[in-house]
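This report refers to the structure that appears directly beneath it.
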Amino acid sequence: MVTATSPSSKRNKLALHHHRHCPSPPLLPGLPDHVAQLCLSRLPPSLLFSVSRSWRRLIYSPAFPPFFSIYALLSSSPNSLDFFTFDPISSKWNRLPPPPNPPPLDLMIHHPSFLSRHLPVQSLAVSGHLLLLAATTQNLLPALPRPLIFSPVSNSWQFGPPLITPRRWCAAGALRGSVYVASGIGSFFSTDVARSVERWDLKKPRGGGGGDWEKVSGLKDRRFSRDAIDAVGWRGKLCMVNVKGDAPKEGLVYDLERDLWEEMPEGMVGGWRGPVAAMDEEEMYVVDEGGGCLRRYNPVGDLWEQVIQSNRLKGAVQMAAGGGRVCIVCGGSRGEIVVVDVVASPPWLRVEPTPPGMEVVAVHVLPRMSAPES
């Protein structure tokens, strides 16, 4: 019995045979690919993307220096959570691989009695990884007994070590390659948990006690268990305040070298009027959520200096910094991310809409994902 084969099917088979048996053209004629890669790595990825397919594949390979991308936790329904990255070169949103299942993520983003308010899902960018660290279950319990970690290099998720005390509504931040969680609420409220601080050093190998969570110097009281707080790593210190927004605050600074908590400088806490993020743990920025003003902290004068003002920044609820950009999410329009280039003179901003029907839960800046080799 003879089966007819369509012309299109023949073409597909020939193309597949050619792909498998014919080598790819050189990146630069006359040069070995490893030398060509060194030459091309000095050019802007946006230029390489527009020239040829082989150069386009190169900029997403592990061999090419990664450019920065936006990573976002997005939600399309009251208690859904999806992980996306925005590629600034192709201007496309791409979905991250799903986290390990089992166990499934049991997260509550909106409580039925408080639909207008987001329950916090706390995540971090640290050492080139995305971490999901703390959230609330449907039963109002801590949702994550151990962190979930996504690596853009391997394009995969893995679990971190179990927390000493899983918690929610805590302060969470990163400093010098370590993750910190402080205060918050465990399975029930406890003064001991509200004063405790844990650290996980991602640089230490797992096993034999190394790379596990450890306790560090605790807080003197429980005043930091009122809200889910971003602790900001900056110049060897971890800075945090006790409440979000434009309300009066109390602030603390953790000194890594001395393992000691100190009161935050008066000017720093006084200007902490909205979300704060640090660029490479060197420059710290705040958005005044009431006035829509982005400011940079000057430690010499203990004051915040204006970078740019825009009505688009009013109502800011969360921000991230990296690669010379500050990415800001505003409460009135969680369907977009405002990107500010703080290196340009003068600074400028643009708006990146999220995928249709999606709103932003959190935003981060990390190296782009590596594409699987073909």
Side-chain angles (χ1 to χ4, degrees), residues 44-46 49-50 56 59-60 66-98 107 109-110 115-125 130 132 150 152 155 230 244 274-277 279 285-294 307-344 346-369 371:
S46 55
F49 182 87
S50 61
R56 190 176 303 173
I59 66 174
Y60 294 101
F67 51 85
F68 284 98
S69 297
I70 296 174
Y71 287 71
L73 281 62
L74 303 179
S75 178
S76 58
S77 61
N79 290 311
S80 71
L81 188 66
D82 294 289
F83 303 89
F84 279 80
T85 180
F86 179 78
D87 182 337
I89 306 301
S90 65
S91 297
K92 291 181 179 179
W93 284 97
N94 299 303
R95 191 184 295 269
L96 270 61
L107 307 180
I109 300 175
H110 291 280
L115 289 177
S116 63
R117 178 170 182 176
H118 282 73
L119 294 180
V121 178
Q122 294 177 264
S123 52
L124 299 172
L130 173 67
L132 191 63
F150 178 78
N155 200 10
D230 293 326
K244 287 184 175 181
V276 174
M279 186 87 65
Y285 296 86
V286 65
V287 178
D288 184 332
E289 64 176 59
C293 184
L294 176 67
V307 176
I308 191 173
Q309 193 279 332
S310 171
N311 288 335
R312 283 195 173 274
L313 302 181
K314 290 183 177 180
V317 294
Q318 200 251 333
M319 68 186 295
R325 308 288 196 272
V326 173
C327 301
I328 301 157
V329 181
C330 297
S333 181
R334 285 182 176 262
E336 63 184 31
I337 297 170
V338 181
V339 181
V340 182
D341 187 327
V342 295
V343 177
W348 53 262
L349 63 79
R350 71 174 187 269
V351 176
E352 299 293 354
T354 61
M358 295 278 192
E359 64 176 27
V360 184
V361 176
V363 64
H364 301 284
V365 179
L366 286 163
R368 59 95 179 101
M369 285 196 301

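Residues take their numbers from the sequence shown, with the count starting at 1. What's counted below: heavy atoms across the whole structure, side chains too, no hydrogens, waters or symmetry copies.
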Are any non-hydrogen side-chain atoms of L349 and L294 less than 4.5 angstrom apart? no

Would you confirm whether S75, through its side chain, and E359, through its main-chain N or O, come within 3.5 Å as a donor-acceptor pair? no

Minimum heavy-atom distance between C327 and V339, given as atom pair plus value: SG-CG2, 4.2 Å

4.5 Å side-chain heavy-atom contact, Y71 and P152: yes

Please give me the minimum heavy-atom distance between I308 and P347, naming the atom from each residue. CD1-O, 3.7 Å

May I ask you to decide if P367's main-chain N or O and S69's side chain share a donor-acceptor pair within less than 3.5 Å? no

Nearest atoms (heavy-atom pairs only) where L132 meets V121: CD1-CG1, 3.5 Å

Got a second to check how far Q122's CD is from L73's CG, nearest 0.5 Å? 11.5 Å

Quick one: does N155's side chain get under 4.5 Å of F150's, heavy atoms only? yes

Would you check if the side chain of T354 reaches a backbone N or O of G335 as a donor-acceptor pair within less than 3.5 Å? yes

For the residue pair V326 and V287, establish whether any side-chain heavy-atom pair is separated by less than 4.5 Å. no

Quick one: pull up CG in L130 and CE in M369 and give me the separation to the nearest 0.5 Å. 11.0 Å

Hey, are the side chains of M358 and W93 touching, using non-hydrogen atoms and a 4.5 Å cut-off? no

Less than 4.5 Å apart, side chain to side chain, heavy atoms only: is that true for L119 and I109? no

L74 and V360: CA distance, side-chain angles, deciding distance, side chain to side chain contact (heavy atoms under 4.5 Å, CB included) verdict: CA-CA 5 Å; L74 303 179; V360 184; 3.9 Å; yes

Pairing of D87 and R368 as salt bridge, 4.0 angstrom limit: no

Which atoms form the tightest heavy-atom contact between S90 and F49, and what is the distance? CB-CZ, 3.7 Å

Testing the basics here: between I328 and A316, what is the closest heavy-atom pair and its distance to 0.1 Å? CG2-CB, 3.7 Å

When rounded to the nearest 0.5 angstrom, what is the spacing between NE2 in H364 and CD1 in I70? 12.0 Å

Taking Q309 for its side chain and G291 for its backbone only, find out whether a donor-acceptor pair lies under 3.5 Å. yes

Applying salt bridge (charged side-chain N to carboxylate O under 4.0 Å, His left out) to R312 and not counting sequence neighbours gives E336

State, yes or no, whether a side-chain contact exists between D230 and V276 at a heavy-atom distance under 4.5 Å. no

Euclidean distance, K92 NZ relative to T85 OG1, rounded to 0.5 Å: 13.5 Å

Given 3.5 Å as the limit, does a donor-acceptor pair link the side chain of D341 with the main chain of R325, or not? no

If we only count heavy atoms from C-beta on, is the P66 to Y60 side-chain gap below 4.5 Å? no

Has Q318 got a side-chain atom pairing as donor or acceptor with V363's backbone, closer than 3.5 angstrom? yes

